[in-house]
Amino acid sequence: MVKTYAVIGLGRFGVSLAARLFQEGQEVLGVDVNEERVEDAQSVVTHAVIADSTDPEALKSIGIRNFDTVIVAIGNDIQASILTVLLLKEAGVKKVIAKALNKPHGQVLDKVGADWIIFPERDMGERVAHMLLSPNVLNFIELSKEYSVEEMKVPESMTSKTLRELDLRAKYNLSVIAIRHAKSINISPSPDETIEAGDVLVVIGENKDLEKFANLQ
Ligand code: ADP
């Protein structure tokens with residue numbers, strides 16, 4: 001389904017986000033006070049305009065309240081970021097996503113009504129640390145503080161065995177929800193499926209159990 005997005009602040013983060021949404025067929029308006037940034041972004045979004053998002057009139061003239069989602073990707077100017085979120089919520093924008101530089105910034109964004117606050121540097125740092133500590137983990141999604149889905153390389157000791165033999169549910173309290181072979185992916189693996197070297201398992205479970213499993217050789 002095509003949705004309309006406005007991305008305010010066309011720095012590295014804002015442009016990557018806007019360009020990706022546009023590549024996926026979404027309607028994306030890029031907004032920045034800086035003319036050069038707007039020109040550079042012109043070719044990677046549906047439309048890009050010069051506007052100062054701390055000016056209520058400027059927001060009104062771009063029809064900001066008609067967008068399904070507005071992302072505030074203003075970088076270092078914390079004051080501008082906070083004021084922008086406040087004005088967007090006052091204008092009636094339903095979903096406002098804002099990038100926070102640090103915890104206090106995030107707390108204020110929450111107070112002024114941001115619906116979703118992201119901490120790109122903090123989250124990426126944690127992600128990289130997690131992947132360094134568990135070299136078998138290729139990718140992961142945190143479902144909650146305790147539960148995740150992880151994509152991991154099969155430990156050598158487990159190759160050429162079936163899921164039934166491995167018995168990961170009983171031994172590690174984990175469920176295998178998919179197996180990726182060289183070229184195909186099986187999204188409903190049967191207990192008799194044999195795990196081959198080079199396969200990737202998509203596993204769901206508690207983080208502490210996933211960690212134990214990820215450190216097996
Ligand atoms: P990044 O770390 O993602 O590269 P930057 O701080 O470089 O972030 O980019 C933030 C962008 O937000 C800049 O292009 C800047 O011009 C823009 N910006 C800052 N304040 C406003 C504002 N009030 N209205 C619109 N854009 C703004």
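Atoms within each ligand, like the ligands themselves, are counted from 1 in listed order. This structure is a prediction, so every number in the text was calculated from the model and none was measured.
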Would you list the pairs meeting ring pair (Phe, Tyr, Trp, His ring centres under 6.0 Å) in which at least one residue belongs to residues 122-142, sequence neighbours left out? H130-F140
Looking at side-chain heavy atoms only, is the closest gap between V200 and I179 below 4.5 Å? no
How about I8 and L88: do any of their side-chain heavy atoms sit closer than 4.5 Å? yes
One pair per line, please: each N/O atom of ligand 1 matched with every protein N/O atom under 3.5 Å away, atom names first, then the distance to 0.1 Å.
from     : atom 1 : to  : atom 2 : distance (Å)
ligand 1 : 2 (O)  : R12 : NH2    : 2.8
ligand 1 : 3 (O)  : R12 : N      : 3.3
ligand 1 : 3 (O)  : F13 : N      : 3.0
ligand 1 : 3 (O)  : K99 : NZ     : 3.4
ligand 1 : 4 (O)  : R12 : N      : 2.7
ligand 1 : 4 (O)  : R12 : NE     : 3.0
ligand 1 : 7 (O)  : R37 : NH1    : 3.3
ligand 1 : 9 (O)  : R37 : NH1    : 3.3
ligand 1 : 14 (O) : D32 : OD1    : 3.4
ligand 1 : 14 (O) : D32 : OD2    : 2.6
ligand 1 : 14 (O) : R37 : NH1    : 2.7
ligand 1 : 16 (O) : D32 : OD1    : 2.6
ligand 1 : 23 (N) : D52 : OD1    : 2.8
ligand 1 : 24 (N) : S53 : N      : 3.0
ligand 1 : 24 (N) : S53 : OG     : 3.1
ligand 1 : 26 (N) : V33 : N      : 3.4

Please report, to 0.1 Å, the donor-acceptor pairs under 3.5 Å made by any side chain of residues 40-51, with sequence neighbours excluded.
from : atom 1 : to  : atom 2 : distance (Å)
Q42  : OE1    : A48 : N      : 3.2
T46  : OG1    : V28 : N      : 2.8
T46  : OG1    : V28 : O      : 3.3

Restricting to pairs with a member in residues 58-100, which pass ring pair (Phe, Tyr, Trp, His ring centres under 6.0 Å), not counting sequence neighbours? none
Spell out, as yes or no, whether a donor-acceptor pair under 3.5 Å connects the side chain of N207 to the backbone of K145. yes
